[in-house]
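See structure below.
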Amino acid sequence: MSRFKFSLPFLLSGVGFIASTPPGFAATFVCTNPGCTTWVAITQQQLVLTSSDTSQTPVYAALAASSSDAIRHGYHSIYDTHLYLKASFWHRGGVTPFPEKEHLTAYVYKGEPADYVKTCHIFPIKVPAGTYYHTTCHVPG
């Protein structure tokens with residue numbers, strides 16, 4: 001007789017929920033005002049928003065495979081790193097090296113209480129090796 005009183009369907013439903021939940025869900029937020037002084041947790045619907053270029057890159061893919069360690073750490077909720085995304089999600093702007101390309105803007109914070117670390121721009125363009133999405137970051141000051 002088993003010591004565990006869980007049924008197989010109950011356990012499988014829990015596994016299904018965990019498998020379908022993006023890993024960065026808890027540490028990725030969306031700014032609710034231009035200065036990003038208020039925010040809400042990112043939703044599943046926002047994570048699947050795609051860029052309008054031919055790559056049709058979803059937000060979750062760009063964050064999970066960013067060429068920046070800080071962005072990947074924030075998305076995967078490791079090293080106490082948090083991401084705050086600009087609410088416009090995929091947008092165009094004068095960001096080098098691709099000034100006219102769509103990108104995501106992420107503000108990276110670390111620690112508790114969280115301290116601002118840097119701002120990053122994630123493009124739906126793979127770096128030459130083809131593994132990561134091109135990301136540029138700048139530190140304030």
Side-chain angles (χ1 to χ4, degrees), residues 2-141:
S2 173
R3 292 195 269 174
F4 302 106
K5 296 187 183 213
F6 297 107
S7 69
L8 184 59
F10 173 76
L11 287 174
L12 291 177
S13 68
V15 170
F17 173 75
I18 291 168
S20 66
T21 303
F25 208 69
T28 305
F29 303 91
V30 179
C31 302
T32 58
N33 63 7
C36 201
T37 56
T38 57
W39 55 86
V40 294
I42 195 165
T43 67
Q44 193 78 344
Q45 292 80 13
Q46 292 167 324
L47 283 168
V48 297
L49 292 172
T50 58
S51 59
S52 64
D53 65 355
T54 56
S55 72
Q56 297 277 302
T57 304
V59 169
Y60 74 85
L63 298 176
S66 166
S67 61
S68 165
D69 288 343
I71 298 297
R72 290 193 316 276
H73 293 165
Y75 180 72
H76 293 293
S77 302
I78 58 175
Y79 301 123
D80 206 14
T81 306
H82 309 280
L83 303 179
Y84 296 82
L85 301 179
K86 203 171 191 180
S88 54
F89 290 96
W90 293 108
H91 60 280
R92 296 184 192 285
V95 179
T96 57
F98 309 110
E100 296 304 315
K101 291 294 284 181
E102 276 186 311
H103 62 276
L104 299 167
T105 298
Y107 306 104
V108 180
Y109 284 76
K110 193 169 178 70
E112 289 298 332
D115 291 318
Y116 173 73
V117 177
K118 58 185 157 185
T119 299
C120 297
H121 304 282
I122 307 101
F123 296 87
I125 300 167
K126 295 271 184 135
V127 296
T131 306
Y132 295 112
Y133 288 96
H134 188 88
T135 303
T136 60
C137 297
H138 65 275
V139 178

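Counting only distance, with no hydrogens or angles, the side chain of Thr32 and the backbone of Thr38 share a donor-acceptor pair below 3.5 Å. No side-chain donor-acceptor contact under 3.5 Å links Trp90 to the backbone of Leu104. The backbone N or O of Val95 sits nowhere less than 3.5 Å from a side-chain atom of His103 that would complete a donor-acceptor pair. When atom types are taken as modelled, the side chain of Arg92 and the backbone of Glu100 share a donor-acceptor pair closer than 3.5 angstrom. Here the side chain of Asp69 pairs no donor or acceptor atom with the backbone of His73 at under 3.5 angstrom.
Within a 6.0 Å radius of OH in Tyr79, no more than 12 heavy atoms belonging to other residues, nucleotides or ligands are found. By the neighbour-count criterion of 12 heavy atoms within 6.0 Å, atom OH of Tyr132 is sparsely surrounded, having that number or fewer from other residues, nucleotides or ligands.
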Exercise for the section: Decide side-chain contact (heavy atoms from CB on, under 4.5 Å) for His121 and Thr135; before the verdict, give the C-alpha distance in whole Å, the side-chain angles of both, and the deciding distance to 0.1 Å. Expected result: CA-CA 6 Å; His121 304 282; Thr135 303; over 6 Å; no
Handout entry: Residue pair His82, Tyr109: steps toward the ring pair (Phe, Tyr, Trp, His ring centres under 6.0 Å) verdict
Key = CA-CA 5 Å; His82 309 280; Tyr109 284 76; 8.4 Å; no
Problem - Test log, rule side-chain hydrogen bond (donor to acceptor under 3.5 Å, both in side chains), inputs Ser55 and Thr57 - result: CA-CA 5 Å; Ser55 72; Thr57 304; 2.8 Å; yes
Handout entry: CA sep, side-chain torsions, deciding dist, call: Val59, Val48, side-chain contact (heavy atoms from CB on, under 4.5 Å)
Key = CA-CA 6 Å; Val59 169; Val48 297; over 6 Å; no
Exercise for the section: Apply ring pair (Phe, Tyr, Trp, His ring centres under 6.0 Å) to the pair His134 and Phe98, showing each step before the final yes or no. Expected result: CA-CA 10 Å; His134 188 88; Phe98 309 110; 5.1 Å; yes
Exercise for the section: Any chance you could lay out the side-chain contact (heavy atoms from CB on, under 4.5 Å) test for Val108 and Thr119, step after step, and finish with the verdict? Expected result: CA-CA 6 Å; Val108 180; Thr119 299; over 6 Å; no
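Residues Leu83 and Gly74 approach most closely at CG-CA, 3.8 Å, considering heavy atoms.
Between Thr136 and Pro97, the closest side-chain pair of non-hydrogen atoms falls below 4.5 Å.
Atom CG of Leu63 sits about 5.5 Å away from atom CG of Leu85, to the nearest 0.5 Å. In this structure, Ser52 OG and Glu102 CD are separated by 3.0 Å, a value rounded to the nearest 0.5 Å. Expressed to the nearest 0.5 Å, how far NZ of Lys86 lies from SG of Cys31 amounts to 9.0 Å. The CD atom of Gln46 sits 3.5 Å away from atom CZ of Phe89, with the distance rounded to the nearest 0.5 Å. Atom CD1 of Ile71 is separated from atom CD1 of Ile122 by 4.0 Å, given to the nearest 0.5 angstrom. Atom NZ of residue Lys110 and atom CG of residue Asp115 lie 11.0 Å apart, to the nearest 0.5 angstrom.
Cation-pi geometry between Lys126 and Tyr133 is met: the NZ or CZ atom falls under 6.0 Å from the ring centre, inside 45° of the normal.
A tilted orientation is assigned to the rings of Tyr107 and Tyr116, their planes being inclined by 30° to 60°.
Partner of Thr28 under the side chain to side chain contact (heavy atoms under 4.5 Å, CB included) criterion, chosen from Tyr75, Tyr60, Trp39: Tyr75.
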